[in-house]
Amino acid sequence: MHSTSSEDSGKVGSGRKKIVLAYSGGLDTSVAIKWLEDRYDLDVVAVSIDVGQPGDMVANIERAKSIGAVSAYAIDARKEFVDEYIWPALKANALYQGVYPLSTAIARPLIAKVLVDVARKEGAHFIAHGCTAKGNDQVRFDVSIGALAPDLGIIAPMREWVMTREEEIEYARQNGIPVPVKKACPYSVDENLWGRSCECGVLEDASVEPPEDAREWTVSPQEAPDRPTYVEIGFEKGVPVSLDGERLDGIELIVRLNKLAGSNGVGRIDHVEDRLVGIKSRETYECPAAVTLIKAHQSLEGLVLTKDVLSYKKGAEQRYSELAYDGHWFSPLREALDAFMDKTQEFVTGTVRMKLYKGNADVVGRASPYSLYNEGLATYAQGDEFDHTSAKGFIYVWGLPLRTATLAYRTDGQGSERTV
Ligand code: ARG
């Protein structure tokens, strides 16, 4: 965690207890600063956390203090997000219900961790976040904060206040809180390095195609270039380290791949998803880098892992995805599964060539020094090294239990095993 800036407003010694607020800079959490002071008589410490979303973190500090926060932090957590959350999820090919790369879900525990760190530093007694009562994010925040710091109280203003949007704007005006001038976006959007989620508005009709204005990171496949773009992704122990032979740090690699794949229409997801709180909801995502990297990673694993590891890992991957979605990131099970995943990645080193074309990211080549693919064994042409004489004996043994069962369960007493 890198603290890019933190400052005190000089408003110290109020004697009030402190609450650390996850501050996005938007209307809801801006109103929350004032509301927490008024309603709970607390000093608010505002924290803006950069996980790769757009927005000016330093401007957030100024805004928070102007509204009344006693101190404000802008924290760049992108590196930690990539190393400790995104790469582990990639090693697990984590896709909730087989399609959603969990971009929002895995950022929440990190944000919770940063909030807890600041709370400790500030001697705060409470943490606040801007989640509503219907989503998964409140669960992820509350459960993660509880797992890391069971002694801290949690307040979710938007879960408590009974203000309509109009009343909220009125409250902001009365309290001198800046209200965004541009028309509110018709969707609820969450963005970070691993993806962009977009829900609400017309998207709530699950039978209707998501309109283009719900998309920002990807062009429509129809509008994508007529020629494919090829990119070679280099992996070391399951972690992407290069694009087209150029070594890149994780943040840069993901940012570049989001642009490259997004400009080819790759990464659009339309999902009717099962929320933890029991609601089915229609969610759309744009995850160009995540979709491309997961496909490439799966393909490299297919080359270097044994059939048994691949098949056993599939089940573990699904469990991993569910626990990440359900807010159990800081759990003994996730730690144990990470240890398993890490072990499987020892030889997941090599390159994968991807073809990005009109909404598709296709694997078109893969290579590894640890490849289990042996052309001498696979070929039907010259140079075949497979011992054809061993096939018959293998099949005799492989089918033995089935023939035995058939003969033993016969009620007609007919027949016996053939001898040739
Ligand atoms: N449904 C997704 C999840 O639970 C995304 C939620 C994003 N939040 C938002 N406010 N748009 O992970």
Side-chain angles (χ1 to χ4, degrees), residues 21-32 48-49 51-55 81 85-86 88-90 92-112 128-144 156-159 165 168 180 184-206 210-211 213-218 267-291 294 318 320-330 334:
L21 167 70
Y23 183 63
S24 72
L27 180 66
D28 291 334
T29 51
S30 292
V31 165
S48 285
I49 299 159
V51 283
Q53 74 277 38
F81 186 37
Y85 298 78
I86 293 179
L90 176 62
N93 298 316
L95 289 169
Y96 182 61
Q97 299 189 315
V99 292
Y100 163 42
L102 293 153
S103 41
T104 294
I106 58 172
R108 299 319 193 189
L110 167 61
I111 294 169
H129 57 74
C131 298
T132 63
K134 275 177 87 169
N136 297 310
D137 289 332
Q138 51 164 350
V139 182
R140 296 170 184 147
F141 277 125
D142 289 14
V143 170
S144 297
M158 294 184 66
R159 212 161 44 188
R165 188 83 186 161
E168 197 185 336
C185 162
Y187 307 110
S188 167
V189 174
D190 180 63
E191 290 173 279
N192 63 49
L193 285 169
W194 207 227
R196 174 178 186 271
S197 93
C198 186
E199 57 190 68
C200 303
V202 293
L203 297 171
E204 284 176 359
D205 183 345
D213 75 349
R215 309 295 197 175
E216 244 176 48
W217 287 21
T218 56
R268 293 185 165 195
I269 296 159
D270 177 355
H271 185 205
V272 173
E273 170 178 307
D274 282 283
R275 287 190 187 167
L276 178 58
V277 292
I279 301 167
K280 274 196 193 287
S281 69
R282 199 285 186 87
E283 311 271 337
T284 65
Y285 301 98
E286 291 169 286
C287 305
V291 164
I294 292 171
Q318 184 173 338
Y320 194 98
S321 306
E322 285 166 1
L323 76 80
Y325 188 86
D326 293 345
H328 271 210
W329 185 266
F330 295 117
R334 201 266 306 160

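Each ligand, and each atom within it, is numbered from 1 in the order the structure gives. Quantities reported herein were computed from a predicted structural model and do not represent experimental measurements. Keep in mind that the numbers below use all heavy atoms, side chains included, and drop hydrogens, waters and symmetry copies.
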Closer than 3.5 angstrom, by distance alone: can the side chain of Thr218 be matched with the main-chain N or O of Glu286 as a donor-acceptor pair? no

Pairs involving residues 96-112, ordered by first then second residue, that meet salt bridge (charged side-chain N to carboxylate O under 4.0 Å, His left out) (sequence neighbours left out): Arg108-Asp137, Arg108-Asp190

Pairs under 3.5 Å, nitrogen or oxygen of ligand 1 with protein nitrogen or oxygen:
{"from": "ligand 1", "atom 1": "1 (N)", "to": "Glu273", "atom 2": "OE2", "distance (Å)": "2.8"}
{"from": "ligand 1", "atom 1": "1 (N)", "to": "Glu283", "atom 2": "OE1", "distance (Å)": "2.9"}
{"from": "ligand 1", "atom 1": "1 (N)", "to": "Glu283", "atom 2": "OE2", "distance (Å)": "3.4"}
{"from": "ligand 1", "atom 1": "1 (N)", "to": "Tyr285", "atom 2": "OH", "distance (Å)": "3.1"}
{"from": "ligand 1", "atom 1": "4 (O)", "to": "Asn136", "atom 2": "ND2", "distance (Å)": "2.8"}
{"from": "ligand 1", "atom 1": "4 (O)", "to": "Arg140", "atom 2": "NH1", "distance (Å)": "3.1"}
{"from": "ligand 1", "atom 1": "4 (O)", "to": "Arg140", "atom 2": "NH2", "distance (Å)": "3.0"}
{"from": "ligand 1", "atom 1": "8 (N)", "to": "Asp137", "atom 2": "OD2", "distance (Å)": "3.3"}
{"from": "ligand 1", "atom 1": "10 (N)", "to": "Ser188", "atom 2": "OG", "distance (Å)": "3.1"}
{"from": "ligand 1", "atom 1": "11 (N)", "to": "Ser188", "atom 2": "O", "distance (Å)": "3.4"}
{"from": "ligand 1", "atom 1": "11 (N)", "to": "Ser188", "atom 2": "OG", "distance (Å)": "3.2"}
{"from": "ligand 1", "atom 1": "11 (N)", "to": "Ser197", "atom 2": "OG", "distance (Å)": "3.3"}
{"from": "ligand 1", "atom 1": "12 (O)", "to": "Tyr100", "atom 2": "OH", "distance (Å)": "2.6"}
{"from": "ligand 1", "atom 1": "12 (O)", "to": "Arg140", "atom 2": "NH1", "distance (Å)": "2.9"}
{"from": "ligand 1", "atom 1": "12 (O)", "to": "Arg140", "atom 2": "NH2", "distance (Å)": "3.1"}

For atom CD of Glu322, is the number of surrounding heavy atoms from other residues, nucleotides or ligands below 6.0 Å larger than 12? yes

Between Arg275 and Glu199, is the closest basic N to carboxylate O distance under 4.0 Å? yes

Applying ring-ring contact (aromatic ring centres under 6.0 Å, His included), name anything that partners Tyr187, two or more places apart in sequence or on another chain. none

Partner set under ring-ring contact (aromatic ring centres under 6.0 Å, His included) for Tyr285, not counting sequence neighbours: Tyr100

